[in-house]
Amino acid sequence: MTLSRRTFLAATLALPATPPIAEPLPLRVLARRKGLAYGCCVTCGALDQPDLAQAILREAGLLVPEWEAKRGRVEKRRGHLDFSAADRLAGFAAAHAMAFRGHALVWHLSNPAWLEEVLAAPAPDRALLTDYVTAAVGHFRGRVSSWDVVNEAVEPKDGRPDGLRDSPWLRAFGPGYLDAAFHAARAADPAAELVYNDYGLDTPDAWQQDRQRVVLRLLAGFRARGVPCDALGIQGHLKAFSGTFDAGHFRRFLGEVAALGYGVVITEMDVADEGGPADAVARGRAQAALARRYLDAALAEPATRAVVTWGLSDRTTWLKGQHPLPFDESLHRKPLWHAIAAAFAAAPPRPRK
Ligand code: G3I
């Protein structure tokens, strides 16, 4: 029996008989090649899992704390700011030359109980808002490249003419709370990108169109008043089997955002398979197809500068059982990973900064 060259060499030089399957290039590399950033949200719990931490290191060029930088975690007791958990995540990012996004300074959820009570009391002091923003942004100055300053302030269903959410912040300080938050953040770290972040901005469904219209009015108002907001964060929580994605509609919306002078960050992308068929392969294929269409449209807009998935592996997703992330629970790449990779590979390159 004649041995093949490779088998002979393998036998004599202890070379692998079959070449190791080349690892695909990580998403962060594919993104960076086009002047984009790719990352994912992370928790301290995720970093405590060595295999997951390794995968995050390999794939992500940017991290966002899923929980650790929210006020409910940072200021459990009034006036006592504990950034230790968020500092650990920021330190991990810095140690591995990863960018770090801050999330989220002002939100109607995940606030400590004491804050909800004080905001609901008569004539609350606006320092409750601006002092916290100043302290948090100041604490991370130089370590956070981009902040979600205000999160999810739009809710047309609340019936206000301006379409804003009837949140504790709005009831306490009026619509000007958004402006105050952005001005405080800019003063605390002039170099950080300041982002308004929201969901339901992806499809032509009527409720999402309402939200898009309100967000555009909000962003135009920021410009008119000189509010230092730099980019719109589009969360991108997609559903493969609900709603309809229309690439042209989405591109027009992104074009209107860019025309107002804003960048675009896809801040929390995941693609749920709820309502899909029993066949997991069919569900995975549909998730990948939607992700590719969505990212092709998003990345066709030159103002889009980063894509963040809300987690890396289904092991840690907030959408339990809906398999929405690029890696499965055993950290195997899914069709969704390949769709994101293909979208980065096909994306038009961004002009070098
Ligand atoms: O870890 C603490 C635990 O120590 C504590 O005892 C317990 C008390 O409630 O809370 C635990 O923290 C939980 C945290 O996730 C960490 O797992 C919070 O309860 C829980 O509310 C929190 O949920 C997060 C949620 O935002 C609210 O902050 C989800 O993980 C996170 O995926 C989700 O992310 C949001 C974005 O911030 C904004 N856009 C929507 C997105 C999905 O809801």
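Atoms within a ligand are numbered from 1 in the order they appear, just like the ligands themselves. The analysis underlying the following values was restricted to heavy atoms, covering all of them including side chains, and did not include hydrogens, waters or symmetry mates.
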Those protein residues which place at least one heavy atom below 4.0 Å from ligand 1
Glu66, Trp67, Lys70, His103, Trp107, Ser110, Asn151, Glu152, Gln235, His237, Glu268, Trp310, Trp318
Can you list every pair that meets salt bridge (charged side-chain N to carboxylate O under 4.0 Å, His left out) and has a residue in residues 173-191, with sequence neighbours left out?
Asp179-Arg225, Arg186-Asp230
Within 45° cone of Tyr177 ring axis and under 6.0 Å: Arg126 NZ or CZ:
no
Validate the cation-pi geometry between Lys70 and Trp107: distance from NZ or CZ to the six-membered ring centre under 6.0 Å, angle to the ring axis within 45°.
no
Glu59: salt bridge (Lys or Arg N to Asp or Glu O under 4.0 Å) partners, not counting sequence neighbours
Arg333
Is it possible for you to check whether Arg71 lies under 6.0 Å from the centre of the six-membered ring of Tyr132, through NZ or CZ, and within 45° of that ring's axis?
yes
Please name all residues satisfying salt bridge (Lys or Arg N to Asp or Glu O under 4.0 Å) with Asp82, sequence neighbours left out, ordered by chain then number.
Arg73
